[in-house]
Structures are given as structure tokens and as C-alpha cells.
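Please read all numbers here as calculations on a predicted model, not as lab measurements.
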Amino acid sequence: MSRDLPTTVPPGPTPAQPWNRQRLRSNNEWLLLERLRLGGPSSRAQLARDTGLSKPTVSAALAALEQAGLAREAGRFVPERGRTAVLYEPDPLAGHVLGVDIGRARLRVAVADLAGDIVARRDIPNKGRTANAVADAVVAAARETTAEAGVAAADIVHAVIATPGVWDEERRGVRYATSLPGWGRPGLFDRIAAGLETTITVGNDANLAALGEYTLGAGRGSGSRMFAYLVAGTGLGVGVVKDGEPLLGAHGALGEVGMVPLPPHPDGTPGGTVEQVAAAEAVVRTALDLGMTGPLTAKKVFDEARAGDPLAAAAVHRAAGQLAYALAVVSAVLDPDLIVLGGGIGGSADLLLEPLGQALHRLTPMRPSLAASRLGEEAVLLGAVATALDLARPEVFERRSSPTD
């Protein structure tokens, strides 16, 4: 990651910015804007009660937010008794963000307003045969999506790019992106940033998927204190969220369980890595080894298993056993209370969860709950959008608010 996945931090004073009247007004405006975002449309009187600010202070701050294009009227509340109250809400059109999910098979792009509503999106095959071709395809898809949303490039405040591998800030490139040949070459993401004409943050796809699933999917309302999301598809990785915050590790590589080596085979030959034996290509190899014929994909193997093919069922069962090894490592190190299965292979959780749980229980005394992803293949993209919003909201506020003494 180029930075930790951020939470929204009020753009308030720092030790280098001493308190003054202008800064106080700015913080009051931010406080009200966040209150409206989190609590929904509200009146001046209600905001005063909720924040402890005086009614004149609230009125002045709302007027400044309206003038800056950060807040707008959202209707009126008519009580049984008393005066009609004007309701306010953040203006979702104050800025837009871009989320991008780069996978070996597909590219997904979405433009969202500041309320988090997706206003345009693309989901296209990744036909790039070189790293440069993939980077250029990302830029082209993003431009098309932005145009469809009716948004100028300058109105995209921030873009978050989800990719396999781990971002290396010094090299300005990713490491360990084995599913995308040549993807680790420095300069690719600078090429994308130049093409998008906006600031970008690069994030690991598993970390972003975990954040998306935790906030919007299977983790929402779960109360999970240590949440893990297994992305199983063309690659293999785990994203972890602790008490609502992503865990990334010292170098951003936490959760790269696909690189974990397996024990040697009985004949002494290397056992390979978890990714080599449990990702999509491994499912196909296993099915062929067991006697299935014809052109196969992991999806077809799972579909055949669902239809009752015994060879396909055996391949799925073996895949569950290999995935369980990865989850045993995660369980021993992090002790998650909930693990969600996602990604392309994770889309067949109806077949995997039971044998996966059984295999996990044979490997470790840990007993995390297992669940299927609710967001499916959207988890990475939605996590990228959510992260872009966290970055963009305070930036938009700083750009648009210009309090005066």
C-alpha cells in the first residue's frame, strides 16, 4: 500500500496550526458536515442539540457550507406542533471518486459521488498481454466511465487502485503480483496516475475486499473484532480488519498467505505454495488429474460438482483441504472470530464451506466462524470506492471551505 487505508480524519488543528477564530469555524463546519453524513438529514435545532454548538454558530456554519457547495437543503420537517424546520444534508455532487479493481481476468471501474452512490461503472475483460497494455486499458476504462457519469476528469478528487501484490513506495511498483506478468515493473502506476490526471492510492486487492466486505457485506453488523477475508481466485490472499481498521503489516504484506510453502511430498519433491495448489489453476489441474476431460475452468469444475459429477466433487474437496491449510495459518497467527470466503472460487462457498470447515478443524483447534461473501466479485471494487471516499471527503472540504476572519 502507498499508505495505510485511512479513516476520515477531521482537518482540524495540528501543533503547527494553533487555534484561532478561523480554525475554530473550520472545525465547527467539519463537525456539522460529518454529523450530517453519518446521521442523515437534520435541522439547525437538531444539529445544535447533537453537537452542543449554539444555534447561531450552527446557522453560520451551515450558511458557509452551503455557500461552499458542501451542504444543501434536503427538504422540510413539518411537526404536529411548532415551526417547519429546514433539513440539511451534505451535497453529494461536491466531488467524485474513482475505484478500480485490476484482476488478471477482468477490469472493474466505478465512479461514485461523495455520498457513496455509484453513478457509472465498467466491467470488462482484461485483454492486455503486457503490463503497459493493462495500464493503458485501465486508463481507457476509467475515462469512459467518467464520461458516462457526466463528470469532468478534474472533478475526480481521488482514485484508489486495487491490485494483486504489495505496493512498494520506494520502487513505485508492486511486489508479488505473480498473476499479472510484468506487473511489478516500476513506473506502471505513475503511468496510470498521469492518464487519470488525479491523485491515486494503490491498495492490495485482498485488503480492499476485506474492508468492503466488513463495512458493506458479511461483516456488517457482525460485531467481529478480528475479521478475515480470503480472496481465492486466480491468486490467493487474505485481508484483515481489526476493530474496523485494516491490518497491513510492517511492509503492507500481511495476509499474503498464497506464498506460504506447503510440506514436501512423500517423495521429497517440493510441495509448492498454497497459491499453487489452491487457486483457480490448481483446481483445474486437480480435476484433470482425477480424470475430468475437455476444456476446463475452475467455474466449470464447481458447476459440475454442483450438478453431481463425482470427479468434480473430489476436486472441490481437495481444493477445500488446501484452502484450509491457509486458513489454519491465519487462525493461528491472528485468531479471527469470522473468516469470509470470497473471490472467484469463493463464489462457490455453497460447496466449499462444509468441507473447508471440516478440514480446518482437523488442522487446528481454532474455531473461527466461516461465512460466504455477500458482495461476491464486487467486494474489491466497493472497498476501493470506500477508501477513495475516506480520502476525498476531507480533501474536498479543504478545497472548498475558505473561512475568513
Inset, instruction - Could you walk me through whether Arg106 and Glu377 pass salt bridge (charged side-chain N to carboxylate O under 4.0 Å, His left out), step by step? - result: CA-CA 10 Å; Arg106 303 198 71 78; Glu377 295 182 351; 5.9 Å; no

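- Formation of a donor-acceptor pair under 3.5 Å by the Arg171 side chain with backbone atoms of Gly184 is found in this model.
- Going from atom CG of Leu341 over to atom CD of Glu213 covers 10.0 Å, rounded to the nearest 0.5 Å.
- Summarising the local packing, CD of Glu281 is surrounded by 12 or fewer heavy atoms from other residues, nucleotides or ligands at distances under 6.0 Å.
- Proximity of Ile118 to Leu382: side-chain heavy atoms (C-beta onward) are separated by under 4.5 Å at one or more points.
- Closest of all the heavy-atom pairs between Gly116 and Leu389 is CA-CD1, 3.5 Å.
- Listed by chain and residue number, Arg399 satisfy the salt bridge (charged side-chain N to carboxylate O under 4.0 Å, His left out) test with Glu395 (two or more places apart in sequence, or in another chain).
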Inset, instruction - Could you please spell out the steps behind the side-chain contact (heavy atoms from CB on, under 4.5 Å) verdict for Leu296 and Leu288? - result: CA-CA 8 Å; Leu296 292 178; Leu288 292 171; 3.6 Å; yes

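- Residues His251 and Val166 form no side-chain contact, since every pair of their non-hydrogen atoms from C-beta on lies 4.5 Å or further apart.
- Counting heavy atoms of neighbouring residues, nucleotides and ligands inside a 6.0 Å radius, atom CD of Gln67 does not exceed 12 of them.
- One finds no salt bridge joining Lys242 and Glu245 here, because no Lys/Arg side-chain nitrogen approaches an Asp/Glu carboxylate oxygen to under 4.0 Å.
- For Phe189, the ring-ring contact (aromatic ring centres under 6.0 Å, His included) partners at least two apart in sequence or on another chain are Trp167, Trp183.
- With contacts defined as side-chain heavy-atom distances shorter than 4.5 Å, the pair Val260/Thr273 does not qualify.
- Judged by distance alone, with hydrogens and angles left aside, the side-chain atoms of Arg400 form a donor-acceptor pair with the main-chain N or O of Ala94 at under 3.5 Å.
- In this structure, Leu311 and Gly291 approach most closely via the heavy-atom pair CD1-C, 3.7 Å.
- A donor-acceptor contact shorter than 3.5 Å is absent between the side chain of Thr145 and the backbone of Val109.
- Two residues are said to be in side-chain contact when any heavy atoms from C-beta on lie closer than 4.5 Å; Pro394 and Trp30 meet this criterion.
- Note that the CD atom of Glu89 and the CZ atom of Arg72 stand 4.5 Å from one another [nearest 0.5 Å].
- For the pair Ser42 and Leu36, the minimum side-chain heavy-atom distance is below 4.5 Å.
- Between the side chain of Asp337 and the main chain of Arg225, a donor-acceptor pair closer than 3.5 Å is present.
- Scanning both residues, Ala326 and Val257, for their nearest heavy atoms gives CB-CG2, 4.1 Å.
- A 4.5 Å side-chain heavy-atom check between Arg374 and Arg220 finds every atom pair outside the cut-off.
- By the 4.5 Å heavy-atom criterion applied to side chains, Arg108 and Arg121 are counted as neighbours.
- Summarising the geometry of Val231 relative to Gly343, their closest heavy-atom pair is CG1-CA, 4.3 Å, with the distance given to 0.1 Å.
- Taking every heavy atom of both residues into account, Val385 and Ala110 meet most closely at CG2-CB, 4.2 Å.
- Interatomic distance, OG1 of Thr364 versus CG of Leu327, reported as 10.5 Å (0.5 Å rounding).
- The distance from the CG atom of Asp155 to the CG atom of Leu98 is 12.5 Å, given to the nearest 0.5 Å.
- Using a 4.5 Å heavy-atom cutoff, the side chains of Val241 and Tyr229 are not in contact.
- To the nearest 0.5 Å, atoms CG (Asp390) and CG (Leu211) are separated by 7.5 Å.
- The neighbour count for Glu66 CD, taken as heavy atoms of other residues, nucleotides or ligands under 6.0 Å away, is above 12.
- Between Arg175 and Glu256 no salt bridge is recorded (no basic side-chain N to carboxylate O distance below 4.0 Å).
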Inset, instruction - Report the C-alpha distance between Leu247 and Met226 in whole Å, list the side-chain angles of each, state the deciding distance to 0.1 Å, and finish with yes or no for side-chain contact (heavy atoms from CB on, under 4.5 Å). - result: CA-CA 10 Å; Leu247 290 183; Met226 185 70 80; 4.0 Å; yes

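- A salt bridge links Arg191 to Asp136: at least one charged side-chain nitrogen sits closer than 4.0 Å to a carboxylate oxygen.
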Inset, instruction - Evaluate the side-chain contact (heavy atoms from CB on, under 4.5 Å) criterion for residues Leu47 and Leu62: first the C-alpha distance (whole Å), next the side-chain angles of each, then the deciding distance (0.1 Å), finally the verdict. - result: CA-CA 10 Å; Leu47 287 170; Leu62 286 174; 4.0 Å; yes

Inset, instruction - For side chain to side chain donor-acceptor pair (under 3.5 Å), just list the numbers for Asp267 and Thr269, CA-CA rounded to whole Å, side-chain angles, deciding distance to a tenth of an Å, and then say yes or no. - result: CA-CA 6 Å; Asp267 62 2; Thr269 57; 2.7 Å; yes

Legend entry - Worked check of side-chain contact (heavy atoms from CB on, under 4.5 Å) between His96 and Leu93: CA-CA 7 Å; His96 290 78; Leu93 303 182; 4.2 Å; yes

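- The shortest heavy-atom contact between Ala159 and Leu196 is CB-CD1, 4.2 Å.
- No donor-acceptor pair closer than 3.5 Å links the side chain of Arg44 to the backbone N or O of Val86.
- Salt-bridge check for Arg306 with Asp303: passed, with a basic side-chain N closer than 4.0 Å to an acidic carboxylate O.
- Environment of CZ in Arg285: crowded, with over 12 heavy atoms of neighbouring residues, nucleotides or ligands closer than 6.0 Å.
- Residue Glu73 holds its CD atom at 5.0 Å from OH of Tyr88, rounded to the nearest 0.5 Å.
- At least one donor-acceptor pair closer than 3.5 Å links the side chain of Glu275 to the backbone N or O of Leu236.
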